[in-house]
Novice: 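Take this structure, written in structure tokens, and hold onto it; I'll ask about it next.
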Amino acid sequence: MNKVALITGATRGIGKQIAITLAQNGYDIAINYRKENEELENTKKEIEKNNVKCFSVQGDVSNFEDCERFVKEIINEFGKIDVLVNNAGITRDTLLARMKKEDFDSVINTNLGGTFNVTKNVISYMMKARGGRIINISSVVGIVGNAGQTNYSASKAGIIGFTKSLAKEVASRNILVNAVAPGFIETQMTDVLKDEVKDDIAKNIPLKRMGTTQDVANVVKFLASDDSSYITGQVINVDGGMVM
Ligand code: NDP
């Protein structure tokens, strides 16, 4: 029986690559998406090419009832969730002086609230199964901060605290909880940056390039696998050496 992985926000960017990479490694995949889009069908096809099952569930991770519903849908379909990747995330960047209360709330409620909402609904199944992996996608800005991202940095720092606390709570049940902190990764989230800004960023990265979604997916694959069975409560930076 294949292991089952749930990846939130998985129809594009980092989440999509994680879903495909885990599928290539024999996991049945549950992908969560917020809005129906053409990428959903493409992602499903790419996953199914690997002779694994792909089940998609709609839901806004910032809405607790949505998460409760879609986790039940996945359990009805697959009977279990072995790996949860909390990936869905948004930015609403601006300096604090200009930041609207809604910009702060929506980022916290999606990134940190979403991580709570999905994990809270999945954890009882993992506890009953006496095992599981939870991988939370944080960010290096949750560690070092970034002007214009007080909301986003706070959400990503919050995810790190959440990860470490939960790792301590559930270690005795053989549930391992870790975070991955990407640096600058080429996706739609960073596409908004001008080319000059991207070049400047790359110059200041020791490995002299932005990361790829595959760079992040490879670390998630490792944290989901038996090769990482003595690692919990850690934050692994995938940032070309930006933060060290
Ligand atoms: P994208 O913007 O490309 O993709 C984000 C995904 O999250 C989309 O599929 C989006 O779906 C989904 N999503 C957003 N809000 C919700 C919600 N409320 N409920 C369900 N799904 C939602 O971002 P990336 O792939 O770049 O980022 C993925 C994760 O990695 C995020 O957590 C991000 O913060 C983190 N990260 C990214 C970095 C980067 O440089 N790209 C660096 C560090 C961390 P929809 O289109 O339906 O809204």
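Every number for a ligand or one of its atoms is a count from 1 in the order of the listing. Along the sequence shown, residues carry numbers from 1.
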Novice: A side-chain contact here means heavy atoms from C-beta on lying under 4.5 Å apart; do Val52 and Ile47 qualify?
Specialist: yes

Novice: Measure the shortest side-chain to side-chain distance between Arg92 and Asn151 over non-hydrogen atoms and say whether it is less than 4.5 angstrom.
Specialist: yes

Novice: Answer yes or no for Lys80 and Phe78: cation-pi contact, defined as NZ/CZ to six-membered ring centre under 6.0 Å and angle to ring axis within 45°.
Specialist: no

Novice: Below 4.0 angstrom, N of the basic side chain to O of the carboxylate: do Arg209 and Asp215 qualify?
Specialist: yes

Novice: Tell me the residues surrounding ligand 1, counting only those with a heavy atom closer than 4.0 angstrom, sorted by chain and number.
Specialist: Gly9, Thr11, Arg12, Gly13, Ile14, Asn32, Arg34, Lys35, Gly59, Asp60, Val61, Asn87, Ala88, Gly89, Ile90, Thr110, Ile137, Ser138, Ser139, Tyr152, Lys156, Pro182, Gly183, Phe184, Ile185, Thr187, Gln188, Met189, Thr190

Novice: Starting from the C-alpha separation in whole Å, work towards a yes-or-no answer on side chain to side chain contact (heavy atoms under 4.5 Å, CB included) for Leu95 and Thr150.
Specialist: CA-CA 8 Å; Leu95 298 172; Thr150 49; over 6 Å; no

Novice: Between Asn178 and Gln234, is there a donor-acceptor pair closer than 3.5 Å when you use the side chain of the first and the backbone of the second?
Specialist: yes

